[in-house]
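Below is one structure. I have some questions about it.
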Amino acid sequence: MKEFIREQILTVRKQSPLVHSITNYVVMNNTANALLAVGASPIMAHAHSEMADMVKIVGALVINIGTLDEYWVKSMELAIGQANTLGKPWILDPVGAGATPYRDEVLKQLLELKPTIIRGNASEIMALARKNAGPTKGVDSTEESAAAVEAARYLQQEFGSVVCVSGAVDIIVGKDTTILLSNGHPLMAKVTGMGCTATALIGAFAAANPTDPFCATVSAMALLGIAGEKAAKLSNGPGSMQVNILDQLYQLTDEAVASLIKLEETHV
Ligand SMILES: Nc1ncnc2c1ncn2[C@@H]1O[C@H](COP(=O)(O)OP(=O)(O)O)[C@@H](O)[C@H]1O
Ligand SMILES: Cc1ncsc1CCOP(=O)(O)O
Ligand SMILES: [Mg+2]
């Protein structure tokens, strides 16, 4: 796995895949910068009239419901329809799942379109699976990632998606393998859009490796976690952390990632 992650980091830098995001107003700028920092190329677009054409030219599609509305949901359905027709990977970030009935209804419809990969925090994954979801705090989690493993497994089996539950430990659930990544730093949760950045980076890695969405997800989460660890050492608080993570995503070598990764693998 370590060798694969190294190779993936280099492939993203070499291929510079184009990633289409329909994402939220809060994070657009930062996720575009994160994609550039890892060597990928971002495009944010949501006009109905260009969805089918846009998806034709990209390597992966990221669907993030953070600031959804009725127009954007239609954009998402058009883009996902085209991604599915063309067999391109698409990644769902269920931001704020469980916060309102509208969000949950939209997510139910999007799930039926079978995301290649789902990435959310524990509260979001539990709400998405409608399993033991506790009180919601909007976009932030009230649970640790381990609490959402059962929900992640259910989503994996029901929709065939790779499911990543992020948190202090990132848990990536595939068909018969689960990987735990213990990299990262608590300061990451104090920067808005860090989860959205994770999802966008998964988009870049899935575009570069469309036949293995599980390993693509592990690679993206490992790179971000290690970038977060290194950035935290250089930061005085959330402000400098936001900038330093971009620098670390840009500077980290594949060797450094392989040597710093804290990975545990289980087969179920
Ligand atoms: N307490 C923590 N310790 C280490 N890494 C963390 C912690 N909280 C979040 N992260 C990291 O921050 C990134 C975003 O995860 P998370 O905060 O769960 O997403 P979201 O912003 O969607 O709630 C992930 O890479 C995750 O590993
Ligand atoms: C604060 C906020 N409100 C709507 S979307 C958004 C950003 C959420 O980003 P993340 O889930 O990555 O923290
Ligand atoms: Mg989030």
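Note: hydrogens, waters and symmetry copies are ignored here, and every other heavy atom, side chains too, is used. Ligands are counted one by one from 1 in listed order, and the atoms in each one are counted from 1 as well.
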Point to revise | ligand 1 N/O within reach of Ser141 N/O, cut-off under 3.5 Å | key: no
Check your understanding: Looking only at heavy atoms, is any part of Ala198 under 4.0 Å from ligand 1, and if so is it the side chain, the backbone, or both, or is it neither?
Key -> neither
Check your understanding: Transitively linked via ILVMFWY side-chain contacts under 4.5 Å: Met188 with Val38?
Key -> yes
Study note, to complete from the structure: Note: heavy atom closest to atom 8 (N) of ligand 1, options Ser145, Ala189, Gly228, belongs to Ala189
Review point. Side chains of Ser41 and Ser16: donor-acceptor distance under 3.5 Å anywhere?
Key: no
Check your understanding: Nearest protein heavy atom to atom 20 (P) of ligand 1, by residue and atom, and its distance?
Key -> Gly195 CA, 3.7 Å
**Study point:** Contact partition for Arg119 relative to ligand 1, non-hydrogen atoms under 4.0 Å
**Key:** side chain
Point to revise | Any donor-acceptor N or O pair under 3.5 Å, side chains Asn24, Thr67 | key: no
Check your understanding: Would you say the side chains of Asn244 and Ser235 form a donor-acceptor pair under 3.5 Å?
Key -> yes
Review point. Does a donor on one side chain sit under 3.5 Å from an acceptor on the other, for Arg119 and Thr217?
Key: no
Check your understanding: Salt bridge check: are Lys137 and Asp140 linked by an N-O gap of less than 4.0 Å?
Key -> no
Check your understanding: Of all the heavy atoms in Asp140, does at least one lie under 4.0 Å from an atom in ligand 1?
Key -> no
Review point. If we ignore angles and hydrogens, is there a donor and acceptor under 3.5 Å between the side chains of Ser219 and Arg6?
Key: no
Point to revise | Gln156 to Val173 - nearest heavy-atom pair and separation | key: CG-O, 3.8 Å
Exercise for review: Return the residue, atom name and 0.1 Å-rounded distance of the protein heavy atom closest to atom 2 (C) of ligand 1.
Suggested key: Ala168 CA, 3.5 Å
Check your understanding: Which of the numbered atoms in ligand 2 are below 4.0 angstrom from a heavy atom of Gly195?
Key -> 12 (O)
Practice item. Run the numbers for me: atoms of ligand 2, each under 4.0 Å from some heavy atom of Gly193, listed by number. Key: 9 (O), 10 (P), 12 (O), 13 (O)
Practice item. Could you say whether the N/O atoms of Cys196 and ligand 2 ever approach to under 3.5 Å? Key: yes
Review point. Which of parallel (below 30°), tilted (30 to 60°) and perpendicular (above 60°) describes Trp72 and Tyr25?
Key: tilted
Check your understanding: Looking only at distance, does Gly167 have an N or O less than 3.5 Å from an N or O of ligand 1?
Key -> yes
Point to revise | Which residue and heavy atom of the protein sit nearest atom 7 (C) of ligand 2, plus the separation | key: Thr192 OG1, 3.8 Å
**Study point:** Identity and separation of the nearest protein heavy atom to atom 23 (O) of ligand 1
**Key:** Asn121 ND2, 2.8 Å
Exercise for review: Among all protein heavy atoms, pick the one closest to atom 15 (O) of ligand 1 and tell me residue, atom and distance.
Suggested key: Ser166 OG, 3.3 Å
Review point. Would a hydrophobic clustering, with Ile, Leu, Val, Met, Phe, Trp and Tyr connected at side-chain separations under 4.5 Å, put Leu155 with Met221?
Key: no
Revision key, fill the gap. for atom 4 (C) of ligand 1, nearest protein heavy atom and its distance come out as His185 N, 3.0 Å
Review point. Same cluster for Leu181 and Met1 if Ile/Leu/Val/Met/Phe/Trp/Tyr side chains link at under 4.5 Å?
Key: yes
**Study point:** ligand 2 atoms in contact with Met194 (distance to a heavy atom under 4.0 Å)
**Key:** 12 (O)
**Study point:** N or O pair under 3.5 Å between Met194 and ligand 1
**Key:** no
